[in-house]
Amino acid sequence: MCGIVGYIGDRKTTDVLLKGLQRLEYRGYDSAGISTMDGDKLSVIKCKGKVSDLTTLLEKEPLNGNMGIGHTRWATHGFPNDINAHPHLSSTGIFTLIHNGIIENYYSIRKFLEEKGVAFTSETDTEVLVQFIEYYYKKNKSSFEEAVRSALKRVIGAYGILVMCSDEPGKMIAARLGSPLVLGLGNNEYFVASDASPIIEYTKNIVYLDEGEMAVISRNSYEVRNISENHIVDKDVEKVDFSLEQIEKGGYPHFMLKEIFEQASTVCEASRGRIDSNSGEIKLGGIRDYLSRIIDAKQVIITACGTSWHAALIGSFVIEELVNIPVKVEYASEFRYRDTPVDHRTLVIAVSQSGETADTLAAVRKAKERGALTLGIVNVVGSTIARETECGVYIHAGPEIGVASTKAFTSQVTVLNQIALLIAQTLKINQVKVKEVIKEFSLLNEKIQETLKLSDKIKGIAKDFAHANNFLYLGRGYQFPVALEGALKLKEISYIHAEGYPAAEMKHGPIALIDENMPVVFMVTKQGFLKIMSNIQEVFARRGKIIILTSVDDASYGDYSNHVVQVPDTHHCLSSIINTIPLQLLAYYIAVERGCNVDQPRNLAKSVTVE
């Protein structure tokens, strides 16, 4: 969840590192720091706060050197402060290290090192690791590379690290287990980062480090080895498939707003080449070779976390409706530890924007161990889940920088619909419904654009409710996951307590909360229309503040509501794509009205690569 960047070359190192950290700040923003190597001299500057605070420090105390490492932190062990910020130095200052992940056995290693006389200055597991490396360096009188390997073979947990050693200047070591790292290959220069966003300004040629691999990088070459067995690993060089413009705000005040508006194109990108408008045929090349196993599966489990879990829930509704088979949706954090009945007759679909979500990745590995077929739905090309699942479909949403997911969610729902349609077509069942959904796909872009025109209206509604302390979101059928997602967005970025419920469940508890201060958002569609209108009247009778988001034009809304947002009608299998967008905008404008940091909400980070 932290951001890592490293550089070796002729450019001004601090400029490369700072720019890289700014692009990685969505991964963590509790503190930041850099370390440079000038000759054989290691220097470190770090501080609590954001990359802008680090930039101010460096203006006062410039660092020189032609190589360096930088880090922006999401705290796990130890409070966010100057001392716990990365990089960390070893006791003698020979080594400097930055780290993304968690060393689970850090406490026992720390106690072992303290008994050897090692003094610690921070509360972090990261300092334990750099001290452990120095211990092996001195104990075995080994090389820089061997010391790193010896330490890593004895730690338990997850890590993506960059290390420098003053005794071996001009060399940098990167290693990963559970936390992503990519190596960028430039012209007589190398870049290392948690993802490709800090690299694409300089090169599109990258190498993905796989689990248990270590790269030794010098000015003129690099070599990748397996950590446990020390074998050289031949790596493919891949091309980054997105542009610099995609990771910049493009005139919008926040990445989140930009990404909400990008949904008019990203949903199309998730469908491009996959739905033949003439024949109505669904083509998903990433799962074609496994289609027979997919349709033969006796059970389907979709596993995910957070927003992706809400997309998974919608996907389960679509698959059950179009394919007539039961689908189970599991939080990956629960699935990985529960004794779930999974075998070779099971299809496990893993949904993750980053493709690096720790719990979802662990769920995939568990499923594979038990013989299940695994299918990944991810956004980031070359991510670990994309590489470890047997088959999959990219959502092609492009880089998502805002911590609160928006365009990835609607693209995930789009792809899950396509998978359901393909299975139904292959089995030749529910063909009338299949044709109806495919027809609506052709109209979806236009309807999303129409929905986005509601932005100013929703901005006005947000002003009325920006000071609320609680929100309730209610929907029936396909709109229940929409309610969950709407509530999550509001919680994430405005810090207002919000809950999503099936509308019928309101009377089984949440109705006790409703009074004249409680805003309640209803998602109203043709499905269950009369039933949800009864729920609206129940809230109205208790003086709740009612916002209706609807695709049904009904004159009676004004009798029961404070605000009505009319959205375009579409097939119910696709309705969540349309209906979620106004809720994203509502959360965004309420958060702005409250003065919140929309793109970097407190305590959150974009890619959750730790448990």
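Nothing fancy with the numbering, it's 1 onward along the sequence.
Not a single donor-acceptor pair under 3.5 Å links the side chain of E134 to the backbone N or O of S90. In terms of modelled atom types and a separation under 3.5 Å, the side chain of K368 and the main chain of E388 share a donor-acceptor contact. Remark: side-chain polar atoms of N105 are not paired, donor with acceptor, to backbone N or O of V155 under 3.5 angstrom. Checking side-chain atoms of T374 against main-chain N and O of E390 turns up a donor-acceptor pair under 3.5 Å. Looking only at distances, a side-chain donor or acceptor of K46 sits under 3.5 Å from a matching main-chain atom of P87. Side chain of T96 to main chain of M164: no donor-acceptor pair is present (N/O by atom type, distance under 3.5 Å, no hydrogens or angles). Side-chain atoms of D40 do not come within 3.5 Å of backbone N or O of P169 as any donor-acceptor pair. Between the R23 side chain and the K19 main chain, no donor and acceptor come within less than 3.5 Å of each other. Using a distance-only test at 3.5 Å, with no hydrogens or angles considered, no donor-acceptor pair links the side chain of Q412 to the main chain of V351. Side chain of D599 to main chain of F255: a donor-acceptor pair is present (N/O by atom type, distance under 3.5 Å, no hydrogens or angles).
Among residues at least two apart or in separate chains, ring-ring contact (aromatic ring centres under 6.0 Å, His included) pairs with a member in residues 203-223 are Y190-Y222.
For F112, the ring-ring contact (aromatic ring centres under 6.0 Å, His included) partners are Y135, not counting sequence neighbours. For K153, the salt bridge (Lys or Arg N to Asp or Glu O under 4.0 Å) criterion is met by no residue, not counting sequence neighbours. H396 is linked by a side-chain contact (heavy atoms from CB on, under 4.5 Å) to E269, R274, Y394, counting only residues two or more places apart in sequence or in another chain. The ring-ring contact (aromatic ring centres under 6.0 Å, His included) check on Y137 picks up F95, with sequence neighbours excluded. A search for side-chain contact (heavy atoms from CB on, under 4.5 Å) contacts involving A350 returns T303, T360, V364, I385, not counting sequence neighbours.
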**Request:** Let me see the working for R594 and Y495 under side chain to side chain donor-acceptor pair (under 3.5 Å), right down to the final yes or no.
**Result:** CA-CA 9 Å; R594 289 166 68 93; Y495 318 138; over 6 Å; no
**Prompt:** Does the side chain to side chain contact (heavy atoms under 4.5 Å, CB included) test come out yes or no for K235 and E213, once each step is laid out?
**Reply:** CA-CA 11 Å; K235 304 294 292 184; E213 290 181 349; 2.8 Å; yes
**Message:** Before you tell me yes or no, could you show the steps for E145 and I173 under side chain to side chain contact (heavy atoms under 4.5 Å, CB included), namely the whole-Å CA-CA distance, both residues' side-chain angles and the distance that decides it to 0.1 Å?
**Reply:** CA-CA 7 Å; E145 184 179 343; I173 293 178; 4.1 Å; yes
**Prompt:** Can you list the steps and then say if S218 with S221 is a side chain to side chain donor-acceptor pair (under 3.5 Å)?
**Reply:** CA-CA 5 Å; S218 61; S221 66; 3.2 Å; yes
**Asked** Given the rule in the side chain to side chain contact (heavy atoms under 4.5 Å, CB included) test, do N66 and R219 qualify, once you have shown the distances and angles that lead to the verdict?
**Response** CA-CA 9 Å; N66 59 4; R219 182 62 181 272; 3.7 Å; yes
**Item:** T384 vs E356, side chain to side chain donor-acceptor pair (under 3.5 Å): CA-CA, chis, key distance, verdict
**Value:** CA-CA 6 Å; T384 306; E356 304 290 350; 2.6 Å; yes
**Prompt:** Are F144 and D167 close enough, and set up right, to give a side chain to side chain contact (heavy atoms under 4.5 Å, CB included), and what steps lead you there?
**Reply:** CA-CA 8 Å; F144 174 21; D167 283 352; over 6 Å; no
**Request:** Would you please test E127 and S122 for side chain to side chain donor-acceptor pair (under 3.5 Å) and show each step?
**Result:** CA-CA 7 Å; E127 188 190 0; S122 78; 2.7 Å; yes
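Under the 4.5 Å side-chain criterion, counting only non-hydrogen atoms from C-beta, I34 is in contact with L58. Taking 4.5 Å as the limit, some side-chain heavy atom of K366 sits within range of a side-chain heavy atom of T340. Looking at heavy atoms from C-beta onward, I69 lies out of side-chain contact with I4 at the 4.5 angstrom threshold. Annotation: side chain of D359 is not in contact with side chain of Y331 (no heavy-atom distance under 4.5 Å). A 4.5 Å side-chain heavy-atom check between M256 and T406 finds at least one atom pair inside the cut-off. Side-chain atoms of F335 and V342, non-hydrogen and from C-beta on, do get closer than 4.5 Å to each other. The side-chain heavy atoms of V148 and M214, taken from C-beta on, include a pair separated by under 4.5 Å. Annotation: side chain of S35 is in contact with side chain of L42 (closest heavy-atom distance under 4.5 Å).
Between the side chains of Q263 and T410, at least one donor N or O lies within less than 3.5 Å of an accepting N or O. Checking S405 against E400 by side-chain atom types alone, a donor-acceptor pair falls below 3.5 Å. T307 and K489 form a side-chain donor-acceptor contact under 3.5 Å, judged by distance and modelled atom types alone. Y202 and R11 share no donor-acceptor pair across their side chains, judged by distance under 3.5 Å alone.
R110 forms a cation-pi arrangement with F120, by the criterion of a distance under 6.0 Å to the ring centre and an angle within 45° of the ring axis.
Minimum heavy-atom separation, A174 to V192: CB-CG1, 4.1 Å. The two residues N226 and S228 come nearest to each other via the heavy atoms OD1-OG, 2.8 Å. Across all non-hydrogen atoms, the minimal contact from T72 to L24 is CG2-O, 3.7 Å. Looking at every heavy atom in both residues, A372 comes nearest to V348 through CB-CG2, 4.0 Å. Pairing each heavy atom of A175 with each of L152, the nearest pair is CB-CD1, 3.6 Å. Counting all heavy atoms, side chain and backbone alike, D236 lies closest to V207 at O-CG2, 3.9 Å.
Using a 4.0 Å cut-off between charged side-chain N and carboxylate O, E211 and R176 make a salt bridge. Classification of E115 and K111 as a salt-bridged pair fails, no side-chain N sitting under 4.0 Å from a carboxylate O. Salt-bridge formation is not detected for the pair E369/R365: no Lys NZ or Arg NE/NH1/NH2 atom is positioned less than 4.0 Å from an Asp or Glu carboxylate oxygen. Ion pair R370/D339 flagged as a salt bridge, since at least one NZ, NE, NH1 or NH2 atom sits closer than 4.0 Å to an Asp/Glu carboxylate oxygen.
Other residues, nucleotides and ligands contribute only 12 or fewer heavy atoms inside 6.0 Å of the OH atom of Y107.
In this structure, OG1 on T124 lies 10.0 Å from CG on N81, to the nearest 0.5 angstrom. Rounded to the nearest 0.5 Å, atoms CG (L63) and NZ (K12) are 10.0 Å apart. The line from OG of S91 to CG of L113 is 8.5 Å long, rounded to the nearest 0.5 Å. For the atom pair OG of S308 and CD of E485, the computed distance is 9.0 Å after rounding to the nearest 0.5 Å. In this structure, R149 CZ and I227 CD1 are separated by 8.0 Å, a value rounded to the nearest 0.5 Å. To the nearest 0.5 Å, atoms CG (D125) and CD1 (I109) are separated by 9.5 Å.
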